[in-house]
Structures are given as C-alpha cells and as structure tokens.
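Owing to the predicted nature of the structure, the values given are computational and were not obtained by experimental measurement. Computation of the quantities below employed the complete heavy-atom set of this structure, encompassing side-chain atoms and omitting hydrogens, waters and symmetry-equivalent molecules.
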Amino acid sequence: MRKNIDYKKELNPAQLRAVESTEGQYLVIAGAGSGKTRTLVYRVAHLVEKGIKPDEILLLTFTRKAAEEMLKRAAGLLDERCQKVSGGTFHSFANSVLRKYARRMGISNNFTILDRSDSEDTINLIRARLGYHKLDKRFPRKKAINEVISLSINKSEGVESVLYDEYPQFIEWSDEIKKIGDEYTKYKFARSLLDYDDLLVYLKDLLEKHEDVRAALSGKYKYIMVDEYQDTNKLQAYIVCLLACEHKNIMVVGDDSQSIYSFRGANFKNIMDFPKIFKGAETITLEENYRSTQPILDMTNEVIRFAREKFDKKLFTRKTGGNIPVFIETRDENSQSRYIADKILELREKGVELGDIAVLFRSGWHSNDLEVELANRNIPFVKYGGQKFVEAAHIKDVISYLRIAYNPSDQVSWYRALLLLKGIGPKSAERIINGLLSAKGRQDLDTALLDKNPGLKEMLKILEKVDPQKNTPAQIIHVFLKYYQPLLKEKYDDFNKRLNDLDSLERIASRYKSLEQFLADMALEPPEKNIVESGIRDRDDSTLTLSTIHSAKGLEWKAVFVIYVAEGHLPSYLSMEDSDAIEEERRLFYVALTRAKDDLFLLKPHIDRSPRSFMDGGGSVFTEVSRFLEVGNILDDFVKRENAGFDPSDDALWQEETQEPKPDREFLEIIKEYYRNE
C-alpha cells in the first residue's frame, strides 16, 4: 500500500532541499550527525514517488548492508518499489556490469573473482616461478606484495611511492615487485580471473574505451547517488563521472571533514573538486546536528575551522544544555589509564551503560596500557581496529620466552619459541623439547643441531643468565627484545608497525616486581568471555568499546574518551613532514570529537616513559599537547581543564623515577631517523 510522505514535516530545510533537488548535479556536504542517511532514504522515496522507474536510479554505497538498509527504509516510507532501486557497492555494481560486457574486455563472462587469500596465493605462485623465493637477501612475502600492488592501483600511484610509504625496507625490490605485478596481471587475464581491484579497473576501461556501453549504462541509470563520497578513490570517482556524463543527474553525499582513509586509497580531492568537474553543481550543506550537545559542537567547529582546505559549515543543535569537553593532563601513560578506569566506573554509577562509553585512539598500540588496566579492574571491553594487545602474535612470541624463564617445563612456550628459529620445524622442535626436558636436561640435545642453529644457542645462553628471582620482568624482557628483534624482522614484513607494541610490553612490565604476577596478568581471560561462559545475564553484559578512530567513524556513544592527544601521537609522528597528512590527522581528530553525544574527555600524559628500546633512545620524554588543541583559543575558550591530581610544574613527581628527559622534538627526530634507516 502506497503512503503519502509529508517531507516538510519529516525533514529540516536543508535536508528537504537535498531531497527535492533531483535534476542536475548536487554536492551535499553532510556534517557529522546531520542525518545524511535519512536524507538519502527520503530522496530515494521522493524519486520513486515522482514516477521515476526504480531501475533508473543507482545508489552506490561502501557496504552492501548500507545499501540494503537504505532501500528497506525507503520502502517502509513509501512502498516496495523502492527495494527495486539498483543499489550496492562499487564492486558489486562492477561485477554485474562486467558479467554482461566481459567479452568486450577480452575475458569470459563467467570469470572467477579471487578473494584476498586467492590473490595472495596466486602472487606467491608467480613469486616462486620467478625464483624470488630463493634469493639470498630477504624478499617480501605474498601478503606484503599483494598489498603493495593493490594500493598502487587504488591510490593511482607507482609501486615505488607505495613502498616508500608502507614498506620502506623493501624499496630495493621495486623492479622485482613490478615484474610480479605484470606477471600477475597476465596470469589473471589468460584465465579470466579478476581480483577486487580488477573489477574497478575493468569497469573503468569498459566505460572509457567503449562509447556505446557507456552511453547505454548512462542512459539506463538516469539518477545517480553516491554515499560517503569523501571515501572514494580516483578510480571510483572517475567511474561515477563517466556514468553521469550523459544526463548529469548526480548527487554525491559526504563530509570533507571526515575524509580519513587515504591509506586505503581514498582521495580527499574527489569531494573538493566535484564542483570543478561539474561546473553547474550546487552545494547543499547539512549543518543541524542530532547527536552532540552544543558545547561539544562548539569545540569541533573550532578545531576544523583551521583546516587548510574545506567547505565552510558550522554545526549546531536544538538540544539544550550539555557538559563542556574536559581536558586532562595526567602524570604518565598509566595515570591516564587509571583516570579512565576510575571515570568509567563513576559514569556507570550515574547510570551510563558500559556500551554507551568508548575510548578512541589514533593507533592500536595506544591502548596497550589501558587494556591491562581494564583487565585488572575487571571492566569488560571489546577492541576494534586491531587485535587485543595480549593476543597479537609478536606479543605472544616475547611472552613465550618469559614463560620459559619462569617455568622451564612449559612445553607450549618452548614449541612457539623454537618454531621462530630458521631451520627448526615441528619435528625438530619436538626433539629439542624432549632433550631439554629429559632427566639429563640439555646434555641430551643433539650437538650437531645446536651447531647448525646459533639462534638456539643464544636463546639457551640467555635463559641460563636470567633469574626470575633476581631480575625484574622489565630487565628480562629487555634482554629478550634484543634477541627477538632479528626474528621479528624475519617473520613479519610489517615488523616496523609492531615495534610500538613491544615498547608497550616493556613499559607495562616495568610496573611489576614479580614475573609471576606479570605473567598472570598477561594471561587473564577477557572478562566478557567469562561472563558468557558462566551464563551470567544482566546489565553488566554490556562492554566498553576501545577503538581506533578510523574504526569508530559513523558510530556514536554517550561518553567518549580520546587518549594521547599529544604531538607525535595525534597527529602521528609519521605525518610530521607532510602537510597533506597533517590535514588528514586534523580531520581524524574531528571525527573522534564528533562521536560524543553528552560527555567528551581529552587526555594527554605529561611524561611518556617508553623505554624506546628499538628506537636508540632511552628514559622519558615530555609530551606536548596536540597542535589541534593549541590553535586559536580552544583550550581556553572551549575546554574545561580538570586537575587529575597532577601538577605539570611539580618536577619532583617524575624526576625521582625517571632519567633526564629529552625534548619531545628530539624524540620525534629519533623515530624518524630510525624508520629512515630501516
């Protein structure tokens, strides 16, 4: 049954304007929490209600779930015709088109799509055929090669550029990786195989090189809508333009201030340049926010005001009241963790569910210390944007050494540690373990095997020296990290991204005097698993969210904590020499702030006590407040400073426990130099 929709009643003026604007080109800048999805849903219903055939409407989104949900909601507003609208992801749309026109591109219509694992296996086959697996020097593995090739396509950049940004240690192999890429393309083409990236590449080539096909598709899809346009890459934006070049009825929706996925290939310029490509395009700005309180919006407006390039908008809300965002400088990282745990318990006592609270951070390793603190407080949490700290493979590797030091009969840990060594497989590992744990101990070991494996000799020598009764956990870890570094580089192509986790492990260990207690805390079962297994079902079932800011985009919570709001962390030290990267870091900070509904807490440790064992540094460093809070008068006019029992001017708080501090800028240079060398 068809329904009559009162659009004026259901939508605010800006949303209504976007919904009723159908003929021509439109750029909708949808500020955070401004009802972007609602606007798209009502526009689909409006187009269908006007008598436009559903199959003439194309709605492109970034997930199939998003498209299905939008069309389902539109059908609920109007009728079932809305679910016949052509909606889906760029890749699913490309697949449907290519199934019909594949022969134009020289491949079979029943081509096979390779998933990520299939692509890696195919690349590994080509890698072996070319003999690169037998080289004396370290050559990247299949996963890294696949990622480089994929990023090169999605970012429309050369292999060298991608290697420089993501895998600088493999820059010397750029020619070989290009060769693999060329052979990979030939291999797929000869067998009618397409990976995810090929779907976009082939569709672009089809539209670009075959005018009749482009005209037919453009004639069929007379009204095009694209969601999250700020997240499109160059290929996707070009495809959209080719599809719309006949009728030019196109609306793209997004927020330039939330363009944060350049590492996946997203291009900020796509949304900024839309009015330049479509000269007659009209810009509609959605500024009314339905999520946050005005004090939070005042701060976020001020943060993004200093963006170098942006569309002007000023978010506002009709909600009244609200708490002013709070800035807390803590003594160090663990003080930051303790403050958050205390405040979470306080909020919970006030009736805020754990599920309505989130802690956000720039990089996954920033929450390492907090995860341990939460586990010790029995506060259940779920983490998005990376593994939980203690579940990461490289952390388990190092902890296996400590477990052996504590309990030489721990066969599981022996097995893991031995398999890290080159030339030792499962059978050899079992033979070594049997020898080590026999009545005669190490006397039963095969001396020939020891002579062949200096790494095993060195590990046994370290185990003889360390004494859990005399050495602290941090001292033991420090010794093993030096031993583990070459193994880390050998096992993980992205080893440089794992170094901060190992620093965190040593830093956390420095708070313990007992190896037994340290290992016990590291082995704690996740609290939420205990709850499920014991069958307990009450309001405590809700879990706190820990998330990278990238993974939090599109979500919201009543209370949000943003941690490590400090130079080198947010913005990341990896962005310091790139003005475009700094601007994306600013947008990332904006995304974090706009996730909060009622309460927003910004935290910065005064002292970073990381041992920096891999960074050629030592001791502690001062952390400076993020530049995004220092501009204008944000800290004075928009933020409430809270004294967490710490006075930064009281040097005695840290001097008694730390070495001579190094200025943060010096620390940044140490890190930059390290990564350049690697």
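- Closest approach of Ser174 to Val159, counting heavy atoms only: O-CG1, 4.2 Å.
- Ion pairing between Lys179 and Glu183 holds under the 4.0 Å rule for side-chain N and carboxylate O.
- Nearest heavy atoms, Val41 versus Leu77: CG1-CD1, 3.6 Å.
- Side chain to side chain, Asn267 and Asn233 fail the donor-acceptor criterion of an N or O pair below 3.5 Å.
- Under the 4.0 Å criterion applied to side-chain N and carboxylate O atoms, Arg305 and Asp312 are not assigned as salt-bridge partners.
- Of the possible donor and acceptor atoms, one in the side chain of Thr317 sits under 3.5 Å from a partner among the backbone N and O of Lys319.
- A side-chain N or O of Tyr167 and one of Glu147 form a donor-acceptor pair less than 3.5 Å apart.
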message = Is there a salt bridge (Lys or Arg N to Asp or Glu O under 4.0 Å) between Glu353 and Lys558? Walk through the geometry before answering.
response = CA-CA 9 Å; Glu353 296 275 354; Lys558 287 183 179 179; over 6 Å; no
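- What you find for Ala45 and Ile5 is that their closest heavy atoms are CB-CD1, 3.9 Å.
- One side chain, Ser367 or Lys383, offers a donor N or O that lies under 3.5 Å from an acceptor on the other.
- A donor-acceptor pair shorter than 3.5 Å cannot be found between the side chains of Tyr101 and Asn109.
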**Request:** Mind running side chain to side chain contact (heavy atoms under 4.5 Å, CB included) on Leu546 and Phe361 for me, showing each step along the way?
**Result:** CA-CA 8 Å; Leu546 305 186; Phe361 32 86; 3.9 Å; yes
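- With Trp557 as reference, Thr545 is the one residue of Thr545, Asp356, Asp598 to meet the side-chain contact (heavy atoms from CB on, under 4.5 Å) rule.
- Contact check on Glu20 versus Arg43 returns no salt bridge, with no Lys/Arg side-chain nitrogen under 4.0 Å from an Asp/Glu carboxylate oxygen.
- Under 3.5 Å, the side chains of Asn146 and Ser119 contain no donor-acceptor pair of N or O atoms.
- Judged by distance alone, the side chains of Arg264 and Asn154 never bring a donor and an acceptor atom under 3.5 Å apart.
- Side-chain N or O atoms of Lys36 include none that pairs as donor or acceptor with a backbone N or O of Gly33 at under 3.5 Å.
- One finds no salt bridge joining Arg141 and Glu120 here, because no Lys/Arg side-chain nitrogen approaches an Asp/Glu carboxylate oxygen to under 4.0 Å.
- Under the 4.0 Å criterion applied to side-chain N and carboxylate O atoms, Lys220 and Asp55 are not assigned as salt-bridge partners.
- Side-chain contact between Tyr196 and Ile113 is present, with heavy atoms from C-beta onward closer than 4.5 Å.
- Checking side-chain atoms of Thr122 against main-chain N and O of Asp118 turns up a donor-acceptor pair under 3.5 Å.
- Under the 3.5 Å distance criterion, with hydrogens and angles disregarded, a donor-acceptor pair is assigned to the side chains of Glu208 and Tyr238.
- Between His550 and Phe263, the ring planes are perpendicular. Angles over 60° get that label, and only those under 30° would be called parallel.
- Counting heavy atoms from C-beta outward, Leu570 and Ile549 have side chains that approach closer than 4.5 Å.
- Under the 3.5 Å distance criterion, the side-chain polar atoms of Thr543 are left unmatched by any main-chain donor or acceptor of Pro380.
- Residues Lys188 and Asp195 are paired through a salt bridge, judged by an N-O separation under 4.0 Å between the basic side chain and the carboxylate.
- For Ile153 against Leu235, the heavy-atom pair with the smallest separation is CG2-CD1, 3.9 Å.
- For Gln230 (side chain) and Asp255 (main-chain N/O), a donor-acceptor pair under 3.5 Å exists by modelled atom type.
- Put simply, the side chain of Ser92 gets close to the backbone of Thr89: a donor and an acceptor are under 3.5 Å apart.
- Within a 6.0 Å sphere centred on CZ of Arg191, heavy atoms belonging to other residues, nucleotides or ligands number more than 12.
- Inspection of the Tyr7 and Glu49 side chains reveals an N or O donor paired with an N or O acceptor under 3.5 Å.
- With Lys248 contributing its side chain and Cys245 its backbone, the two residues share a donor-acceptor pair below 3.5 Å.
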| said: Apply ring pair (Phe, Tyr, Trp, His ring centres under 6.0 Å) to residues Phe93 and Tyr221 and explain how you reach the verdict. | reply: CA-CA 12 Å; Phe93 174 71; Tyr221 301 111; 5.5 Å; yes
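- Here the side chains of Ile284 and Leu27 are not in contact, with every heavy-atom distance at 4.5 Å or above.
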Between Arg64 and Glu68, does the salt bridge (Lys or Arg N to Asp or Glu O under 4.0 Å) criterion hold? Intermediate values first, please. CA-CA 6 Å; Arg64 185 180 65 179; Glu68 290 175 349; 3.7 Å; yes
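- Residues Leu60 and Met225 form no side-chain contact, since every pair of their non-hydrogen atoms from C-beta on lies 4.5 Å or further apart.
- Side-chain atoms of Ser575 and Ser572 form no donor-acceptor pair, as typed in the model, at a separation below 3.5 Å.
- Summarising the geometry of Phe638 relative to Glu302, their closest heavy-atom pair is CE1-CG, 3.6 Å, with the distance given to 0.1 Å.
- Side-chain atoms of Glu228 and Val253, non-hydrogen and from C-beta on, never get closer than 4.5 Å to each other.
- Atom NZ of Lys204 is surrounded by more than 12 heavy atoms from other residues, nucleotides or ligands within 6.0 Å.
- Comment: Glu556 engages Arg291 in a salt bridge, judged by a side-chain N to carboxylate O separation of less than 4.0 angstrom.
- Between Ile296 and Leu593, every side-chain heavy-atom pair lies at or beyond the 4.5 Å cut-off.
- Within the 3.5 Å criterion, the main-chain N or O of Glu287 finds no donor-acceptor partner in the side chain of Thr285.
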Output, in order, the C-alpha distance, side-chain angles, deciding distance and verdict of side-chain hydrogen bond (donor to acceptor under 3.5 Å, both in side chains) for Thr232 and Asn270. CA-CA 7 Å; Thr232 54; Asn270 289 344; 3.0 Å; yes
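- With hydrogens and angles ignored, the 3.5 Å screen pairs no side-chain donor or acceptor of Ser262 with any backbone N or O of Gly265.
- The pair Asp79-Arg81 meets the salt-bridge criterion, with a side-chain N (NZ, NE, NH1 or NH2) lying under 4.0 Å from an Asp/Glu carboxylate O.
- For the pair Arg362 and Glu585, the salt-bridge criterion is met [side-chain N within less than 4.0 Å of a carboxylate O].
- One finds no salt bridge joining Glu583 and Lys310 here, because no Lys/Arg side-chain nitrogen approaches an Asp/Glu carboxylate oxygen to under 4.0 Å.
- Ion pair Arg104/Asp212 flagged as a salt bridge, since at least one NZ, NE, NH1 or NH2 atom sits closer than 4.0 Å to an Asp/Glu carboxylate oxygen.
- At least one side-chain heavy atom of Leu600 sits less than 4.5 Å from a side-chain heavy atom of Val562.
- Salt bridge status for Glu309 with Lys269: present, with a side-chain N to carboxylate O gap under 4.0 Å.
- Annotation for Lys155: atom NZ counts as buried by contact number, over 12 foreign heavy atoms lying within 6.0 Å.
- Cation-pi geometry between Lys313 and Phe311 is not met: the NZ or CZ atom fails to fall both under 6.0 Å from the ring centre and inside 45° of the normal.
- The nearest pair of heavy atoms linking Leu629 to Ile634 is O-CB, 3.6 Å.
- Between Tyr202 and Ile107, some side-chain heavy-atom pair lies under the 4.5 Å cut-off.
- With a 6.0 Å cutoff to the six-membered ring centre and a 45° limit on the axis angle, Arg587 does not count as a cation-pi contact of Phe589.
- For Arg38 and Tyr290, the positive end is not near the middle of the six-membered ring at less than 6.0 Å and at most 45° from its axis.
- Taking CG of Leu47 as the reference point, atom NZ of Lys50 lies at 7.0 Å (rounded to 0.5 Å).
- Between the Thr300 side chain and the Leu297 main chain, a donor and an acceptor come within less than 3.5 Å of each other.
- Using a cutoff of 4.0 Å between basic side-chain nitrogens and carboxylate oxygens, Arg318 and Glu288 are scored as salt-bridged.
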